[in-house]
Number of protein chains: 2
Amino acid sequence: MSGVARTVDPEKHAARRLHILAAAGRCFSRKGFDATTTADVCAEAGVGSGTLFHYFTNKRALLHALFELDEAEQAERAERALAEADPLAALWRLVDGLVADVRERDYLGLVGVVIQQASRDAEFAALVARTEAATRSALTELVRRCTESGVVDSGHDAEATASWVQSMTDVVYLRLSGDESLDVDAELAVLHDVVSRFLRCAA
Amino acid sequence: MSGVARTVDPEKHAARRLHILAAAGRCFSRKGFDATTTADVCAEAGVGSGTLFHYFTNKRALLHALFELDEAEQAERAERALAEADPLAALWRLVDGLVADVRERDYLGLVGVVIQQASRDAEFAALVARTEAATRSALTELVRRCTESGVVDSGHDAEATASWVQSMTDVVYLRLSGDESLDVDAELAVLHDVVSRFLRCAA
DNA sequence: CGATTATTGGAGCGGACACTCCAGCAATGC
DNA sequence: GCATTGCTGGAGTGTCCGCTCCAATAATCG
């Protein structure tokens, strides 16, 4: 009762949480959300189910937490891009940021998971939509600036243009996750051409 | 024993098979493969489980049969395109063919199913790969012809070019399945621009 | 140390799901 | 009409999986 309060090291807690999340991410990427069992995640993380459900209320929470990690990062990247002076350079930096995780082979399959689950879990869909919207609105603004200064001319409105650029970056993940033999750098080179030609810009 | 052989109407059998397959397709599109139960399919098709498993050995067989329907169609389309005189017109016709099903809202979600299952069911992956390869090889040949006659110049080798064009058509399905509010015709218009600019062709 | 409380692994529970089984039915041939 | 056989629905079955529960342990305090 009046006893000794045991204070907990919050760093260890957070680290273990992340460790489990990383394991879950690998499992989801490999087998998809529905097909991975919580036992899979436990085995991959090297913990028991008691531990897993101590840190996360249920399997769905694992997925949500995993993509909440992205949200902050994406928003920050978007903000940084908007602060840059040269809009075209900023746009390219943002695009590069979007494909930055393309080399993380262990997590490529998560694109499929997002596509599948977003159409079935409304809350998850909202999370993903929020994350993507942050990036897209920044992208839209940059496209607008570039168009006004004449270095870009897609012939479509800025919002649609931004949205398509975003989709094209997604394609790279999709292609790489579907075909292991593709060369990452070659794919990125083609992406660059596809986007720059779509935008009708010099670089 | 020596009894009366009862001959069966094969048309009815085939029709019922297709009816069940269509129902399965709608279910898979809506909820994904793993999350749809065989009971879902039965309810959607209006049959009992006895009937379902009389026509298909298991749930996986439903998925396989569903995409085997596509295989013949795609191969035929590819062949027809190769037979055309004008390679550029043929290329565009083939692209149009690839996005022909884009208006079938009930089945849009199947893209996600393919992505997810192909990475986990080797036999299914092989089926999908075969189907896509047929189209891609035709697309590759058309790109080659167009490049030789100078009406196309992507700056990348024909195979990679074809593969990316194919991916871009997939994007349309993905975008429409993820956002109901998008306008189909507007999307197709952007796709046209994206592809023609990537190919650096006149039309 | 000893007291207290967070953390841990794993046994096990309840429910759901893919698939089977079978008894009645419908369709065919004579 | 009758015999035969395929077709059909739904009740049932074994298995698996998400999650709970708990006893044991580890960490932190005075």
Side-chain angles (χ1 to χ4, degrees), chain A residues 1-21 23-25 27-28 30-66 113 116-117 120-121 123-124, chain B residues 1-21 23-25 27-28 30-66 113 116-117 120-121 123-124:
Chain A
M1 280 299 171
S2 69
V4 186
R6 187 188 144 201
T7 56
V8 163
D9 185 350
E11 274 195 37
K12 271 207 172 167
H13 187 91
R16 203 150 181 77
R17 233 184 93 95
L18 281 179
H19 174 74
I20 294 174
L21 271 187
C27 289
F28 291 158
R30 215 179 293 144
K31 304 180 64 174
F33 179 74
D34 291 308
T36 62
T37 68
T38 54
D40 287 336
V41 178
C42 289
E44 177 80 21
V47 302
S49 63
T51 307
L52 177 65
F53 288 102
H54 176 74
Y55 285 89
F56 300 93
T57 58
N58 53 32
K59 194 170 114 172
R60 225 174 118 240
L62 279 170
L63 187 69
H64 287 234
L66 193 58
V113 174
Q116 193 78 270
Q117 293 303 310
R120 208 145 54 70
D121 175 346
E123 215 174 319
F124 180 64
Chain B
M1 284 298 168
S2 70
V4 186
R6 191 187 139 204
T7 56
V8 164
D9 186 349
E11 273 194 37
K12 272 205 171 165
H13 187 91
R16 204 147 179 81
R17 235 184 91 96
L18 281 178
H19 174 75
I20 294 174
L21 271 186
C27 291
F28 292 156
R30 214 178 293 144
K31 305 179 62 175
F33 179 74
D34 292 308
T36 65
T37 66
T38 54
D40 287 336
V41 178
C42 288
E44 177 82 18
V47 302
S49 63
T51 307
L52 178 65
F53 287 102
H54 176 75
Y55 285 88
F56 300 94
T57 58
N58 52 34
K59 194 170 116 173
R60 226 175 118 239
L62 279 170
L63 187 70
H64 286 234
L66 192 58
V113 174
Q116 193 78 269
Q117 293 304 311
R120 207 146 55 72
D121 175 345
E123 217 174 317
F124 181 64

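All chains are named by letter (A, B, ...) in the order of the sequence lines, taking the proteins before the strands, and each is independently numbered beginning at 1. The basis for the numbers below is simple: all heavy atoms, side chains too, and nothing from hydrogens, waters or symmetry mates.
Counting only heavy atoms from C-beta outward, the side chains of B:Tyr55 and B:Arg16 approach each other to under 4.5 Å. At a threshold of 4.5 Å between non-hydrogen side-chain atoms, the residues B:Thr37 and B:Lys59 do not count as touching.
If you take CG of A:Leu62 and P of D:dG18, they are 11 Å apart, rounded to a whole angstrom. As rounded to whole Å, 12 Å separates atom P of D:dC7 from atom CD1 of B:Ile20. The CZ-P distance, from B:Arg17 to D:dC7, rounds to 13 Å in whole Å. Rounded to an integer number of Å, the gap from NE2 of A:His54 to P of D:dT20 is 14 Å. One atom, CG of B:Asp34, and another, C1' of C:dA18, lie 12 Å apart when rounded to the nearest Å. Spacing between atom NE2 of B:His19 and atom P of D:dC7 amounts to 16 Å, rounded to whole angstrom units. Atoms CG (B:Asp40) and C1' (C:dA16) sit 12 Å apart, rounded to a whole Å. Rounded to whole angstrom, the span from the CZ atom of B:Phe53 across to the P atom of C:dC19 amounts to 5 Å.
The aromatic rings of B:His54 and B:His13 sit perpendicular, their planes meeting at an angle over 60°, well past the 30° parallel limit.
Using a 4.0 Å heavy-atom distance criterion, B:Tyr55 is classed as a sugar-phosphate-only contact. Among the heavy atoms of the strands, none lies under 4.0 Å from B:Arg60.
Judged by closest nucleotide on DNA chain D, B:Gly50 is the one of A:Phe33 and B:Gly50 placed further toward the 5' end.
Considering only side-chain N and O atoms, B:Arg16 lies nowhere under 4.0 angstrom from the phosphate OP1 or OP2 of D:dC7. Regarding contacts with the backbone of C:dA18, a side-chain N or O of B:Thr38 is found under 4.0 angstrom from either OP1 or OP2.
For C:dA6, the base has no donor-acceptor partner in the side chain of A:Thr51 [N/O atoms by modelled type, under 3.5 angstrom]. You'll find a donor-acceptor pair under 3.5 Å spanning the side chain of A:Ser49 and the base of C:dG10, going by distance alone.
In the set D:dC19, D:dT8, C:dA18, the nucleotide with an atom closest to the side chain of B:Lys59 is C:dA18. You'll find that the side chain of B:His13 is closest to D:dC7, out of C:dT7, C:dC19, D:dC7. In this structure, the nucleotide among C:dG9, C:dC17, D:dG9 sitting nearest to the side chain of B:Thr37 is C:dC17.
If you look at A:His64 and A:Phe56, their ring centroids are not closer than 6.0 Å.
Across B:Asn58, B:Leu63, B:Leu62, a single residue satisfies side chain to side chain contact (heavy atoms under 4.5 Å, CB included) together with B:Arg60, and that is B:Asn58.
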